Amino acid sequence: MPVLLIADDHPLFRAALRQAAADAVADTQIREADRLDGVLAALDAEPGIDLVLLDLHMPGNHGLAGLAAIRAQHPGVAVVVVSANDDPRVVRRALDHGAAGYLPKSAGLDELRDAIRAVLACEQWLPAMLRAAVARTQSSSADADLAARLASLSPQQFRVLTLVAQGLLNKQIADRLDVQERTVKAHLSAIFERLGVRNRTQASVVLRELELTDPARQID
């Protein structure tokens with residue numbers, strides 16, 4: 001019995017995804033979250049979740065950072081990125097950072113169902129209208145390097161990196177993660193070495209490379 005987590009801050013779109021998931025696979029259990037921290041908390045609380053349908057621009061998520069966080073902390077969970085952005089370059093970046101599929105918000109119910117079935121069957125899924133364009137889009141060597149460096153971090157190291165990027169001090173990070181401050185310092189030393197950076201500022205910049213502009217918030 002598959003367990004899906006729908007991660008989107010728009011109730012109507014969550015309802016559409018919920019209906020598609022129920023139609024796609026019998027006896028599907030569905031969880032929901034409307035913020036990235038809620039997504040990560042749900043995955044921590046329920047290791048049996050099989051698939052996350054992740055809004056690329058939900059609160060707390062900055063482009064591909066949420067995808068990277070899930071892949072680092074819960075590598076066994078498949079993630080389908082959901083976005084109004086159908087730029088083939090963005091789709092290629094999402095796949096290179098570990099997405100199992102990419103679902104435009106313009107997709108119909110049939111495509112939603114197909115995507116869920118395909119990814120639960122361990123297949124990669126893209127909508128027909130994007131497949132040729134994405135196939136022609138070359139992966140960025142910088143993205144490949146970034147994905148490899150982030151993948152070298154342990155789940156706890158990635159949590160520390162995320163909190164550093166939010167501007168928290170070592171003591172605050174220790175309190176947030178319920179560990180000793182010297183443990184945070186040890187994690188930071190390992191993070192700097194694995195990311196090839198020298199300080200907290202440079203480490204934060206690494207995560208900012210995953211940020212994307214939300215097309216729904218662009219002003220003409």
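Please read these numbers as outputs of a predicted model, since none were measured by experiment.
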Are any of the side-chain nitrogens in [X] or [Y] under 4.0 Å away from the carboxylate oxygens of its partner?
X: Asp96; Y: Arg93; result: no
X: Glu32; Y: Arg18; result: yes
X: Arg35; Y: Asp8; result: no
X: Asp86; Y: Lys105; result: no
X: Arg159; Y: Asp44; result: yes

Against Leu195, only a single residue in Val205, Leu146, Leu207, Leu161 fulfils side-chain contact (heavy atoms from CB on, under 4.5 Å); can you say which? Leu161
Any donor-acceptor pair under 3.5 Å from [X] side chain to [Y] backbone:
X: Gln157; Y: Ser154; value: yes
X: Gln202; Y: Arg198; value: yes
X: Asn61; Y: Asp55; value: yes
X: Arg113; Y: Ala24; value: no
X: Arg131; Y: Leu126; value: yes

Heavy-atom pair of closest approach, residues Ala94 and Val81: CB-CG2, 4.2 Å
Shortest non-hydrogen contact from Gly98 to Leu67? C-CD1, 4.4 Å
Using a distance-only test with no angle check, is there a side-chain donor-acceptor pair under 3.5 angstrom linking Gln138 and Arg92? no
Can you tell me if Arg200 and Asn170 form a side-chain donor-acceptor pair at under 3.5 Å? yes
